[in-house]
Amino acid sequence: LFGATIVGYLFIRLQSPLAPPPGHLVLPGGLWVSPLLLLFTGWAIHMADRRARRRAGGSLRWWLGLSLGSGLAFVAVQVPCLAELLRVHRVALAQQGGAIYGLTFALVVLHAFHVLGGMAPLLALTFGAWGRGTAVVSRRRMRGCALYWHFLEVVWIALFGVFQLTA
């Protein structure tokens, strides 16, 4: 899904006569912070996964809490960026009829939906570890959650990289 959308974005961005010329696609500054937050979230959940395998209860709680907090920070940074992309898209449509900002917005929203989908199991694992104890944290669920967040990292770095290369 993400590979196909990136290819579609590249095709439209590089081939459309209505797309802004190279150097004129301006992205919100907060998007520069979000890769760091997502990488930090991935590192924290990796550490939580390692603690779950070792049955290190106290530090597992701490790493899960850190993962959840940085994941929420990522979402908090993305929301104003999405609002800015949508605002710029509306202005660009009114001025030139190009929809590249709308396409960029759609790709960021697609990733955001996947992030929100990843927040649910992370919330469940974190609150389960803090509320009922770390013994209830399934190593398989923890590993699956960690792998999913690593997938989100890779996708976001790819998307962000494509945005920067084609800006």
Side-chain angles (χ1 to χ4, degrees), residues 1-49 63-127 141-142 144-167:
L1 175 66
F2 282 106
T5 57
I6 288 172
V7 168
Y9 172 86
L10 286 170
F11 181 77
I12 292 169
R13 174 69 179 109
L14 300 174
Q15 299 295 324
S16 174
L18 296 176
H24 289 84
L25 182 66
V26 180
L27 299 173
L31 289 181
W32 283 95
V33 176
S34 56
L36 299 173
L37 285 168
L38 200 55
L39 287 170
F40 186 78
T41 303
W43 175 68
I45 202 160
H46 172 75
M47 297 304 287
D49 184 37
W63 285 109
L64 279 170
L66 194 58
S67 301
L68 181 60
S70 59
L72 290 171
F74 176 82
V75 171
V77 165
Q78 292 286 71
V79 169
C81 291
L82 285 168
E84 178 63 12
L85 280 171
L86 193 55
R87 185 192 68 73
V88 173
H89 169 64
R90 288 182 179 144
V91 170
L93 277 179
Q95 291 177 351
Q96 66 189 14
I100 196 64
Y101 285 103
L103 184 55
T104 305
F105 172 81
L107 289 172
V108 174
V109 165
L110 179 64
H111 185 265
F113 284 143
H114 284 82
V115 168
L116 292 176
M119 292 300 287
L122 184 54
L123 276 165
L125 286 168
T126 303
F127 287 121
R141 285 180 57 213
M142 184 69 235
C145 188
L147 287 172
Y148 184 79
W149 277 90
H150 293 317
F151 164 76
L152 291 174
E153 288 174 77
V154 169
V155 167
W156 183 249
I157 297 300
L159 279 174
F160 186 72
V162 166
F163 294 155
Q164 292 308 312
L165 289 173
T166 62

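Start at 1 with the first residue, then count along the sequence.
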Fill in the blank from the handout: Heavy atoms of Leu125 and Cys145 approach each other most closely as CD1-CB, 3.6 Å
Completion exercise
What one should report as the nearest heavy-atom pair of Gly71 and Thr41 is N-OG1, 3.3 Å
Problem - Close side-chain approach of Leu27 to Leu85, heavy-atom, < 4.5 Å - result: yes
Problem - Any side-chain heavy-atom pair of Leu122 and Thr126 under 4.5 Å - result: yes
Problem - Heavy-atom side-chain proximity of Gln78 to Leu31 below 4.5 angstrom - result: yes
Fill in the blank from the handout: Heavy atoms of Met142 and Ile45 approach each other most closely as CE-CG1, 3.6 Å
Exercise for the section: Grab the two heavy atoms, one from Ser67 and one from Ala44, that are nearest each other, plus how far apart they are. Expected result: OG-C, 3.1 Å
Exercise for the section: Could you tell me the separation between the CG atom of Leu37 and the OG atom of Ser70, rounded to the nearest 0.5 Å? Expected result: 7.0 Å
Practice task
Look only at the side chain of His114 and the backbone of Leu110, and say whether a donor-acceptor pair between them is shorter than 3.5 Å.
Solution key: yes
Practice task
Measure across Leu38 and Leu152 and return the closest heavy-atom pair with its distance rounded to 0.1 Å.
Solution key: CD2-O, 3.5 Å
Practice task
Would you check if Tyr9 and Leu159 make a side-chain contact, meaning some heavy-atom pair closer than 4.5 Å?
Solution key: no
Problem - Straight-line distance of Met119 CE to Leu68 CG, nearest 0.5 Å - result: 5.0 Å
Completion exercise
For Gly118 and Tyr148, the nearest pair of non-hydrogen atoms, with its separation, is CA-CE2, 3.5 Å
Handout entry: Trp63 vs Trp43, ring-ring contact (aromatic ring centres under 6.0 Å, His included): CA-CA, chis, key distance, verdict
Key = CA-CA 9 Å; Trp63 285 109; Trp43 175 68; 4.9 Å; yes
Practice task
Could you give me the CA-CA distance, side-chain angles and deciding distance for Gln164 and Trp32, then say whether side chain to side chain contact (heavy atoms under 4.5 Å, CB included) is met?
Solution key: CA-CA 10 Å; Gln164 292 308 312; Trp32 283 95; 3.1 Å; yes
Exercise for the section: Apply side chain to side chain contact (heavy atoms under 4.5 Å, CB included) to Val108 and Phe163, showing your working. Expected result: CA-CA 10 Å; Val108 174; Phe163 294 155; 3.7 Å; yes
Exercise for the section: Measure the spacing between NE2 of His46 and CG of Leu147 and express it to the nearest 0.5 Å. Expected result: 10.5 Å
Problem - CG-NE2 distance between Asp49 and His150, expressed to the nearest 0.5 angstrom - result: 7.0 Å
Exercise for the section: To the nearest 0.5 Å, tell me how far Phe74 CZ sits from Glu153 CD. Expected result: 10.0 Å
Completion exercise
Residues passing the side chain to side chain donor-acceptor pair (under 3.5 Å) test with Trp156, sequence neighbours excluded, are Ser34
